[in-house]
Asks: 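Attaching a single structure in structure tokens format; questions to follow.
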Amino acid sequence: MKHYSFSMIPIPPFSLELTAGYQTYFQGEVGADVFKGKVYYRLQELDGRLFLLSVRETGNVEVPQLEVTLNGEEFSESDAEQARRTVTHILATDIDLSQFYKLSSADPILTSFIKRFRGLHPPRMPTIFEGMIFAVAGQQISSTVARLIRTLIVKRYGSSIRLNEHVYYGFPSPQQILDTGINGLLEIKLSRRKAEYILGIASRAARGELELNIFKSLSDEEILETLDSLHGVGRWSAEWVLLRAMGRLNVFPAGDLALRATVSNYYFGGRKLSEEEARSFAERWSPFKTLATSYLFAGRRLSV
DNA sequence: AGCCAGGCTCTCG
DNA sequence: CGAGAGCATGGC
């Protein structure tokens with residue numbers, strides 16, 4: 001296997017540990033994203049060929065610099081540029097947090113999380129497909145079960161490579177999901193209905209209808225409407241994709257039970273909030289509702 | 001044992 | 001329209 005390295009400068013402040021940790025938090029013991037020994041790994045297809053991307057911090061939070069290494073069998077000229085774009089997208093190194101930090105100085109709760117999680121960028125999943133499968137797999141069930149199922153999806157149906165005694169798994173392609181069929185999906189503890197939704201999403205993705213660039217010029221509301229029309233994708237899943245795959249910065253998934261509980265704990269002394277109450281309360285964080293959401297979730301993890 | 005968990009669709013009134 | 005059932009599984 002050959003390798004190639006280059007460096008990248010994220011917009012400061014940037015913490016690889018916090019950002020990669022946020023990305024892997026939703027996954028189980030085996031995931032398409034791995035963070036261990038201070039290195040972020042992802043097995044990723046670029047231009048039809050598999051590469052293992054490894055990212056390590058060679059600077060610090062205030063003056064960040066990343067070293068990216070590609071391991072693969074066969075290289076072409078554009079690989080480095082594609083890898084750079086992919087890492088930029090996943091680790092959100094292009095997001096400038098300073099306006100959000102400034103705007104939040106009037107909010108003591110967010111301010112304390114910002115101090116604690118300084119440099120946390122809102123990571124993105126590489127494709128809408130991956131975000132949707134994650135969302136559907138996690139609908140309604142506890143995060144424990146969601147992680148278990150996500151592990152099985154990746155471990156059973158993704159590609160894998162072995163490097164230095166470790167096995168790395170990639171997120172399955174739409175075709176790999178289609179190939180497993182309904183029975184393959186039932187084996188990994190998905191309900192029959194969710195399995196059908198996932199196959200439907202996979203066939204749309206396989207036809208190229210879920211490419212990120214298709215949605216680039218659309219507004220958040222237009223995208224929500226489009227995604228909502230997919231079978232198995234409601235408001236919660238659509239917002240999750242908007243936030244976690246497309247990287248839109250002003251999304252607050254008020255339907256999310258855990259997010260509502262977090263807002264309720266920190267801002268309402270535990271009083272339960274309706275979805276609409278939570279949604280309108282979150283307007284105070286506009287136009288950075290996504291960032292507020294990320295920092296609230298990060299804070300919640302300290303106490304749960 | 002039974003209810004809830006980081007929802008969604010379908011049916012029925 | 002709104003309300004209610006059903007779904008899979010693990011944890012408590």
Side-chain angles (χ1 to χ4, degrees), chain A residues 21-31 33 113 122-125 128 130-157 180-202 204 223-245 248 251-268 270 272-279 281-282 285 289-304:
Chain A
Y22 194 95
Q23 179 82 334
T24 55
Y25 178 79
F26 302 89
Q27 306 177 33
E29 69 176 293
V30 174
D33 303 274
F113 289 149
R124 311 163 176 129
M125 304 202 170
I128 294 174
E130 184 169 336
M132 282 201 172
I133 301 309
F134 252 67
V136 171
Q139 281 167 9
Q140 201 270 334
I141 54 180
S142 68
S143 52
T144 313
V145 181
R147 284 200 195 88
L148 188 77
I149 294 175
R150 287 164 181 165
T151 288
L152 289 171
I153 292 175
V154 169
K155 201 170 175 181
R156 302 267 290 254
Y157 302 125
T180 70
I182 191 87
N183 289 327
L185 295 176
L186 290 178
E187 275 174 32
I188 56 175
K189 304 165 194 283
L190 287 160
S191 66
R192 175 166 292 273
R193 237 167 25 181
K194 282 186 185 176
E196 287 164 356
Y197 297 154
I198 286 175
L199 287 179
I201 293 165
R204 298 286 288 266
I223 295 174
L224 286 179
E225 244 171 75
T226 308
L227 299 185
D228 230 353
S229 70
L230 285 168
H231 229 41
V233 178
R235 175 105 192 206
W236 177 84
S237 303
E239 286 185 328
W240 166 278
V241 168
L242 211 52
L243 188 155
R244 292 281 291 126
R248 297 291 169 118
V251 185
F252 183 83
D256 189 294
L257 281 180
L259 181 56
R260 274 214 315 268
T262 305
V263 172
S264 155
N265 281 341
Y266 287 117
Y267 292 90
F268 291 87
K272 297 235 183 270
L273 300 176
S274 72
E275 177 167 348
E276 281 323 309
E277 264 180 310
R279 201 176 287 288
F281 182 76
W285 298 312
K289 286 184 277 186
T290 292
L291 298 173
T293 298
S294 305
Y295 280 73
L296 288 171
F297 270 137
R300 172 187 169 84
R301 282 190 228 148
L302 295 178
S303 55
V304 178

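Within every chain, numbering begins at 1; the chains are lettered A, B, ... in the order of the sequence lines, protein sequences first and strands thereafter. The figures here come from the full heavy-atom set of this structure, side chains too, leaving out hydrogens, waters and symmetry mates.
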Asks: With the side chain of Trp236(A) defined as its heavy atoms from C-beta on, choose the nearest nucleotide among dC7(C), dA5(B), dG6(B).
Replies: dG6(B)

Asks: Rounded to the nearest Å, what distance is computed from the CD1 atom of residue Ile201(A) to the P atom of nucleotide dC8(B)?
Replies: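 Spelled out: CD1 on Ile201(A) to P on dC8(B) is 11 Å.
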
Asks: Just compare dC7(C), dG6(B), dG7(B) and give me whichever is closest to any side-chain atom of Ser237(A).
Replies: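 Nucleotide nearest to Ser237(A)'s side chain: dG7(B).
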
Asks: What are the two closest non-hydrogen atoms of Tyr157(A) and Glu187(A), and how far apart are they?
Replies: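 Minimum heavy-atom separation between Tyr157(A) and Glu187(A): OH-OE1, 4.0 Å.
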
Asks: Report the distance from atom CD1 of Ile198(A) to atom P of dG7(B), rounded to the nearest whole Å.
Replies: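 For the pair Ile198(A) CD1 and dG7(B) P, the rounded distance is 15 Å.
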
Asks: Please write out the pairs of protein N or O atoms and N or O atoms of nucleotides 9-12 of chain B separated by less than 3.5 Å, giving the distance to one decimal.
Replies:
| residue | atom | partner | partner atom | Å |
| --- | --- | --- | --- | --- |
| dT9(B) | OP1 | Gly232(A) | N | 3.0 |
| dC10(B) | OP1 | His231(A) | NE2 | 2.7 |

Asks: Is Arg192(A) atom CZ crowded by more than 12 heavy atoms from other residues, nucleotides or ligands, each under 6.0 Å away?
Replies: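 Count not over threshold, so no.
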
Asks: Can you pull every protein N or O that's under 3.5 Å from an N or O on nucleotides 10-12 of chain C?
Replies:
| residue | atom | partner | partner atom | Å |
| --- | --- | --- | --- | --- |
| dG10(C) | OP1 | Lys189(A) | NZ | 3.2 |

Asks: Round to the nearest Å and state the distance from Ile141(A) atom CD1 to dC8(B) atom P.
Replies: 13 Å

Asks: As a test of your reading of the structure, name each stem of DNA chain B as range with range, where a stem is three or more consecutive Watson-Crick or G-U pairs at under 3.5 Å.
Replies: B:2-5 with C:9-12, B:7-13 with C:1-7

Asks: Taking Glu239(A) as the fixed residue, which of Arg248(A), Arg244(A), Arg279(A) is the one that meets the salt bridge (charged side-chain N to carboxylate O under 4.0 Å, His left out) rule?
Replies: Arg279(A)

Asks: Are Arg235(A) and Glu275(A) ion-paired here, with the side-chain N under 4.0 Å from a carboxylate O?
Replies: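 Result for this pair is no, no salt bridge flagged.
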
